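All remarks here apply to the structure that follows.
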2 protein chains.
Amino acid sequence: MPPRRRQSVTIRHVAADAGVSLQTVSRVINKEPNVRPEMMERVQASIAKLGYVPSIAAQRMGGSRSYLIVALNDRERTIADWRNRQGTDWVDQMMLGGMLTCAEHGYRLIVELVDTHSDHIERELLGAIASLQPDGVILTPPHSENPLITQLLEAHGISFARIGSLKPGGGFALSIDDEGAARMATDHLIALGHRRIGFIAGPDDYELSGWRVEGWRKSMTAAGLSCEGQLAKGDFSFASGRIAAGTLLDSATAPTAIIASNDQMALATLELARERGLAIPDDLSLVSFDDTPIVRFVHPPLTAVVQPIADVTARAVELIIAEQAGRPTPTGPVITPAELAIRASTAPLR
Amino acid sequence: MPPRRRQSVTIRHVAADAGVSLQTVSRVINKEPNVRPEMMERVQASIAKLGYVPSIAAQRMGGSRSYLIVALNDRERTIADWRNRQGTDWVDQMMLGGMLTCAEHGYRLIVELVDTHSDHIERELLGAIASLQPDGVILTPPHSENPLITQLLEAHGISFARIGSLKPGGGFALSIDDEGAARMATDHLIALGHRRIGFIAGPDDYELSGWRVEGWRKSMTAAGLSCEGQLAKGDFSFASGRIAAGTLLDSATAPTAIIASNDQMALATLELARERGLAIPDDLSLVSFDDTPIVRFVHPPLTAVVQPIADVTARAVELIIAEQAGRPTPTGPVITPAELAIRASTAPLR
DNA sequence: GTGAAAGCGCTAACAC
DNA sequence: GTGTTAGCGCTTTCAC
């Protein structure tokens, strides 16, 4: 059993060293007003000299911030992604944006997994809140629009951000510009001369599915092109993508280009096209709506919508911290534009 | 500014509800002895009824465990991996093994990034220790053998595990069975009829490079095969892999199969072989020593050594928690066997 | 502006 | 076995 550990340098040491009261040190640490610049400098010198770092446990105990932000992810999906090792890097991108931004402000990001479908989701969340007492929570789909969760968070007065949600309601709504991204992808294909551009949509229970279809539709309409018979619906799974792609390609007005709403459906389309002897991009251009690592390593590498997950998460952290600090925060949803990575799967219409 | 939050249900509420003292509740929470079963049940009933969850901040303040374990990763490499989006899932696999195991024991894993080469690595680490006061730290290469780090941890009496290290010293040493894995890969190729099996080694400053070469060498020798001219050295980079592969393939006794010490060098070998018109696996069998997602999506998918990072990390967490609990822990290094995923890049010698 | 007091929720030490 | 007491390191009052 290791020895009982205590903080080696506490606020008390700093106060003694600087010859001020604990309170003054506390004020300096928290950048509060009512401290003369010279006092502040003296205290900061002592802090640096002693290598003092406040204990977040003690800070939290004192009734202030915990400097902890929880990123809530769906347990089942996340673990499945980790186990499958298909290169899905959603969590990594969240950490990239979230952890680094947290670090800049002296916060820490803790990833938590919670069962969405569980009936004890409430208990799980309450447990995390009680034990960690985070200053903020970042919700990711499918938690982002779970009223059980958002209400709980509101009741506890915890700042939270909802990623992938545009609905008004408690917390900050943040999203990628799905509609804009779909337009961008469609415009790219139109610019390449394509007239019949098929779209494989995601399931209806994801709000973003609709946004993506909408973007495609608008872009098509603006260019005077018909969407008739060019829309097929999948559920984000590989299998559903194959079926949807088949439906589109079997049509009398088969598309010369297809946009799939996610990587799995895009890969399914790629596979089906290959089986049917359709060369990509010569016979069929293909755009994926996820830029997961896989889509760059298939042949040909897929043109894809790049989802700026890291940026969105970074923004979410900033909003939560700004709210903590009492700084003003935007009222409406925060939309982050996506980019299109043009690769070898799209080419001019022959 | 959000309202001042306090714990809604504290140990006090539970004590009152169960009609016992705080201390008894504390004993029940911490599974300490000296509590009558009936008391225990009564307390647990109250805990369940009130939905009580102890605050880790308060637990830590009381001078006990923080229930936090820090996973220390190299900042530069980790961020680069995240940004490159090449499908490297080291951190994910660590979380898979580490987070889940932590959760089982009521602990939490916090990922921290620290600069290896920085001269303020000591300050960074001290800061993390002071603010988080973790019960344990998991070191990953290249931190695992950094004496600055291990000494600091020992001085602070913090349990730690060194992943990818077999050297004796403070903390627990855990590693994948690199030598065994190399033997497994070599034996696989020998069984396929190959006699000239090339090996592209990693840089000397990684201990595991040597272990891998050793495994290959032993396996070759045991089969009565010559290693002469079949060893080339790289530095884990793609570029170095190309050069090493070129050296092997240019030789008069060019190998019919190559084992590369990591995925980048394997991919480089794949590329070079393709350029030279060597079909894989028909003209050349290829084995990678990493099973990162990419190697399954190239053509052909590579036979690869699967590194059980998740298992090793889980084991590391268990050891740290066992030590915290005063339970006995192994003295020597903990070796976890690797597996070989056989895919399309290896075939019988023609 | 600064300091002194009280208390956050919990556990260690000791008494009963 | 169980309860009591005294703090952990910090922040909040509220005096000065």
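The sequence lines fix the lettering, A, B, ..., with proteins before strands; numbering per chain opens at 1. The model shown is predicted, which means the values in this text are computed figures rather than measured ones.
- Nearest to the side-chain atoms of M61(A) among the listed nucleotides dT2(C), dC10(D), dG9(C) stands dG9(C).
- Checked against dC8(D), dC10(C), dG3(D), the side chain of V20(B) finds its nearest nucleotide in dG3(D).
- Comparing L22(A) and M39(B) by the nucleotide of DNA chain D whose heavy atom lies nearest to each, the residue mapping closer to the 5' end is M39(B).
- Look at S26(A) and you won't find any side-chain N or O under 4.0 angstrom from OP1 or OP2 of dT12(D).
- In this structure, of dA4(C), dG9(C), dG9(D), it is dA4(C) that holds the atom nearest to the side chain of S21(A).
- Counting to the nearest Å, the C1' atom of dA4(C) and the CZ atom of R12(A) are 13 Å from each other.
- Here dT11(D) presents its C1' atom at 16 Å from NZ of K31(A), a figure rounded to the nearest Å.
- Spacing between atom CD of Q133(A) and atom P of dG9(C) amounts to 8 Å, rounded to whole angstrom units.
- At dT11(D), one or more side-chain N or O atoms of Q59(A) fall inside 4.0 Å of OP1 or OP2 (strictly under the cut-off).
- Atom-to-atom, CG of L50(A) to P of dG9(D) comes out at 14 Å; the value is rounded to the nearest Å.
- Comment: R75(B) does not engage E112(B) in a salt bridge, judged by the lack of any side-chain N to carboxylate O separation of less than 4.0 angstrom.
- Residue N30(A) places at least one side-chain N or O closer than 4.0 Å to OP1 or OP2 of dT11(D).
- With the nearest nucleotide of DNA chain C identified for both V35(A) and V53(B), V35(A) has the one nearer the 5' end.
- Between Y67(A) and dT11(D) there is no side-chain N or O to OP1 or OP2 distance below 4.0 Å.
- Phosphate proximity of dT2(C) to R36(A): present, with a side-chain N or O under 4.0 Å from OP1 or OP2.
- At distances below 3.5 Å, not a single donor-acceptor pair connects side-chain atoms of S175(B) with backbone N or O atoms of P333(B).
- Across all strands, P33(A) comes closer than 4.0 Å to no nucleic acid atom at all (heavy-atom distances).
- The two residues T10(B) and Y52(B) make their nearest non-hydrogen contact at C-CE1, 3.5 Å.
- One can place CG of N34(A) at 13 Å from C1' of dG3(C), the figure rounded to the nearest angstrom.
- Closest to the side chain of S64(B), out of dA12(C), dG1(C), dG9(C), is dA12(C).
- Toward the 5′ end of DNA chain C lies the nearest nucleotide of S55(B), the other residue of the pair R27(B) and S55(B) mapping further downstream.
- Side-chain contact, S131(A) with R108(B): a donor N or O sits under 3.5 Å from an acceptor N or O.
- Pairing each heavy atom of Q7(B) with each of P54(B), the nearest pair is NE2-C, 4.0 Å.
- When rounded to the nearest whole Å, the span between CD of E32(A) and P of dC10(D) equals 14 Å.
- A donor atom on one side chain and an acceptor atom on the other are not found under 3.5 Å apart for Q59(A) and S64(A).
- With rounding to whole Å, I29(A) atom CD1 is found 15 Å from dT2(C) atom P.
- In this structure, the nucleotide among dT4(D), dG9(D), dC10(C) sitting nearest to the side chain of Q23(B) is dT4(D).
- When the P atom of dG7(D) is taken as reference, atom CD1 of I11(B) falls 19 Å away, rounded to whole Å.
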